[in-house]
Amino acid sequence: MCGIIGYCGPRPAAALLAEGLKRLEHKGYDSAGLATADGGTLTVVKRKGKIAGLLEILPPDLGGSYGIAHTRWATHGEVSDINAHPHVNCAGDIAVVHNGIIENFTALKEKLQSEGHVFRSETDTEVIPHLISSFYEGDLEGAVKKTLPLLTGTYGLVCVHAREPDRLVGARNGSPMLLGVGDDEMFIASDLTAIVTHTKQVVYLEDGEVVVATPRGYHTTDMRNRVVDKKVEFVGWELEAIEKEGFSHFMEKEIFEQPQSILRAMQGRIDHENSTARLGGLNMTNRELLDVERVKIIAAGTSYHAGLLASYLMEMVARVPCSAELASELRYRNPIVERDALYFAVSQSGETVDTLYAMRELQRKGARVLGICNAVGSTIPRESDGGVYIHSGPEIAIASTKAFTSQMTVFYLFTLLVARMRNMSIEGGKEFIENLGRLPDLVQTVFGQKEHIRRLAKKYCRYKDFLFLGRGLNYPVALEGALKLKEVSYVHAEGYSAAELKHGPIALINDETPCVFLVPDDALRGKVVSNMKEVKARSGRVIAVCVEGDQEVMDVADDVIPIPKVGELMYPFMMVVPLQLFAYHTALELGRDVDQPRNLTKSVTVE
Ligand code: M6R
């Protein structure tokens with residue numbers, strides 16, 4: 001949700017914190033702030049707006065070898081300088097940055113106010129420094145440990161005291177935190193992206209753990225002060241993964257990375273000899289997989305669309321009943337866990353609270369839940385009963401693109417694995433694998449349409465409402481196309497099954513509502529073409545993504561985006577890339593902040 005970084009070590013803290021904030025900006029970007037301590041005094045600088053604004057007012061001579069910083073996605077209290085983090089106690093010697101929500105903050109605040117504490121902000125977070133100060137007797141760690149049990153809700157936090165030099169105290173309960181172990185320096189952060197340019201040695205905190213870091217070392221304990229031995233893990237990311245590398249935006253870079261990210265999702269996972277997939281992380285024997293009678297997928301947003309697509313694919317190819325559901329809905333409807341069902345929690349970030357809590361609810365009821373995630377070491381993969389990393393590399397743009405096609409790729413592999421245990425022959429498996437193997441090159445060819453798509457975006461960007469229409473495997477792609485356009489361009493768009501058009505949405509059709517039709521040459525092509533004609537008959541405008549040379553579609557549509565002919569199952573990959581590009585260029589035409597669209601954040605860790 002929001003982003004946190006703390007630093008202690010020999011280098012000037014302010015510069016490191018500022019750099020970390022820039023790398024965290026996708027986590028929240030309505031306000032930001034930092035605090036450093038020097039000679040027993042804390043200096044707090046914070047400002048509403050983007051991080052660039054904060055950097056403008058940062059005193060160039062801001063000293064201090066330790067400090068904390070935060071970039072905010074507001075939950076409690078409006079977006080303002082005052083409500084930005086860090087928050088401090090009355091004496092201004094304890095500063096805290098916090099991700100999550102303190103649910104009982106009103107009661108705590110009233111009690112603290114009655115004891116004479118003066119609050120400056122409207123945030124839930126501000127109770128934390130006041131509570132810490134009420135317990136403080138020369139030991140920040142001890143005061144933090146007395147404070148944490150009083151907090152109801154979720155937190156990932158870091159705090160510092162003006163007179164405890166080079167000491168960071170961090171804690172986690174429901175909001176990710178990690179320790180970065182450098183050479184004579186330490187970081188505590190909410191995200192790897194904030195620190196990976198400085199160290200690749202990381203310790204992931206679990207809920208209920210507290211870490212104290214100084215440049216010389218660290219120790220981790222639980223709330224009851226029992227030492228917890230933590231493993232230092234190595235992060236394999238290269239710097240390029242978090243740089244734009246010549247692209248104008250991360251979204252553009254990530255769209256163009258897809259041939260490689262799809263390949264990475266497949267690498268080492270294809271068993272050519274047996275024409276099947278190898279997914280060791282599932283932690284399931286073939287016998288257990290054979291006993292699976294149905295598959296259920298939970299996720300949110302784009303990850304849900306990947307899950308929905310997988311539900312079509314699993315049934316078509318592996319003949320295993322499969323359904324996808326929004327995690328936020330499943331969690332609160334007291335789901336029935338079936339013994340023979342296998343569940344998947346799909347999440348790019350691995351931290352989405354709706355998906356995480358739904359997963360925990362399923363596990364409480366005895367379900368086996370596997371994760372399909374991107375962020376290595378994040379909460380969902382750590383708490384799931386097994387799973388598969390999609391290996392997209394960091395996805396920085398708010399709008400998910402490469403993670404979607406990599407999630408799809410992993411589901412294609414899982415489908416292959418299950419299908420080969422059931423109805424798919426060796427020959428069928430071989431053909432499936434060949435089609436998958438061609439995908440990176442085929443997706444690359446779609447990039448040849450970039451200029452054409454840019455021109456279409458220019459032509460259509462003035463329209464206020466769009467419909468995206470597809471069928472079968474391409475229905476979830478239509479939903480995804482509409483979501484992409486909405487989130488980055490703020491243009492209203494809805495995705496529908498093309499068959500549903502006549503059940504209501506057709507009432508919207510006139511020459512002001514462009515319809516984007518996905519028209520692969522599959523079994524339902526003729527029906528989709530009929531739907532296009534119905535739109536044209538009502539003066540609607542049609543943009544069709546269709547197979548190159550499809551004359552009938554070209555005759556009906558106002559504009560087409562041609563894609564190469566591929567195996568029927570592979571069209572979703574070919575269809576979604578033009579839609580991502582269309583959303584990207586429409587956003588650019590409208591002057592939107594593509595990588596940081598309004599009101600959004602990269603991982604939604606609050607309900
Ligand atoms: O990290 P997750 O995949 O769990 O995130 C789920 C959604 O919040 C996410 O896909 C969101 O819809 C993106 N902004 C889509 O581009």
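Keep in mind the model is a prediction, meaning the values are calculated, not measured. Ligands are counted one by one from 1 in listed order, and the atoms in each one are counted from 1 as well.
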Nearest protein heavy-atom contact for atom 8 (O) of ligand 1: which residue, which atom, what distance? Val604 CG2, 4.1 Å

Using a strict 4.0 Å cut-off to heavy atoms of Ser347, name the atoms of ligand 1 that fall inside it. 1 (O), 2 (P), 3 (O), 4 (O)

Do me a favour and list the nearest non-hydrogen protein atom to atom 12 (O) of ligand 1 with residue, atom name and distance? Gly301 CA, 3.3 Å

Looking only at protein heavy atoms, which one is nearest to atom 14 (N) of ligand 1, and how far off is it? Glu487 OE1, 2.8 Å

Under a 4.0 angstrom heavy-atom cut-off, which atoms of ligand 1 come close to Gln348? 1 (O), 2 (P), 3 (O), 4 (O)

Polar contact flag, side-chain donor to acceptor under 3.5 angstrom, Asn374-Glu395: no

Could you tell me whether the side chain of Asp595 and the main chain of Met251 form a donor-acceptor pair under 3.5 Å? yes

Taking the six-membered ring of Tyr460, is the NZ or CZ of Arg541 close enough (under 6.0 Å from the centre) and on axis enough (within 45°)? no

Indicate whether any N or O donor in one side chain lies under 3.5 Å from an N or O acceptor in the other, for Gln580 and Gln258. yes

Check whether any N or O atom of Lys602, backbone or side chain, sits under 3.5 Å from an N or O atom of ligand 1, and answer yes or no. no

Just which atoms of ligand 1 are under 4.0 Å from any heavy atom in Ser303? 2 (P), 3 (O), 10 (O)

Are any of the N or O atoms of Gln407 closer than 3.5 Å to those of ligand 1? no

Any luck finding a side-chain donor-acceptor pair between Thr302 and Glu480 under 3.5 Å? yes

In terms of residue, atom name and distance, what is the protein heavy atom nearest to atom 1 (O) of ligand 1? Ser349 OG, 2.7 Å

For atom 4 (O) of ligand 1, which of Thr352, Thr302, Thr601 has the closest heavy atom? Thr352

Enumerated ligand 1 atoms positioned under 4.0 Å from heavy atoms of Ala300: 6 (C), 7 (C), 10 (O)

Could you label the plane-to-plane angle of the Phe466 and Phe582 rings as parallel, tilted or perpendicular, counting under 30° as parallel and over 60° as perpendicular? perpendicular

Is there a donor-acceptor pair under 3.5 Å between the side chain of Glu252 and the backbone N or O of Tyr584? no

Numbering as shown, the atoms of ligand 1 that approach Ala399 to under 4.0 Å (heavy-atom distance): 16 (O)

Please confirm whether Lys484 comes under 4.0 Å of ligand 1, counting heavy atoms of the residue only. yes

Would one find more than 12 heavy atoms of other residues, nucleotides or ligands at under 6.0 Å from atom NZ of Lys48? no

Taking side chain to side chain donor-acceptor pair (under 3.5 Å) as the criterion, tell me which of Arg172, Glu206, Arg360 meets it with Thr379. Arg172

Quick one: which ligand 1 atoms are inside 4.0 Å of a heavy atom on Ile398? 13 (C), 14 (N), 16 (O)

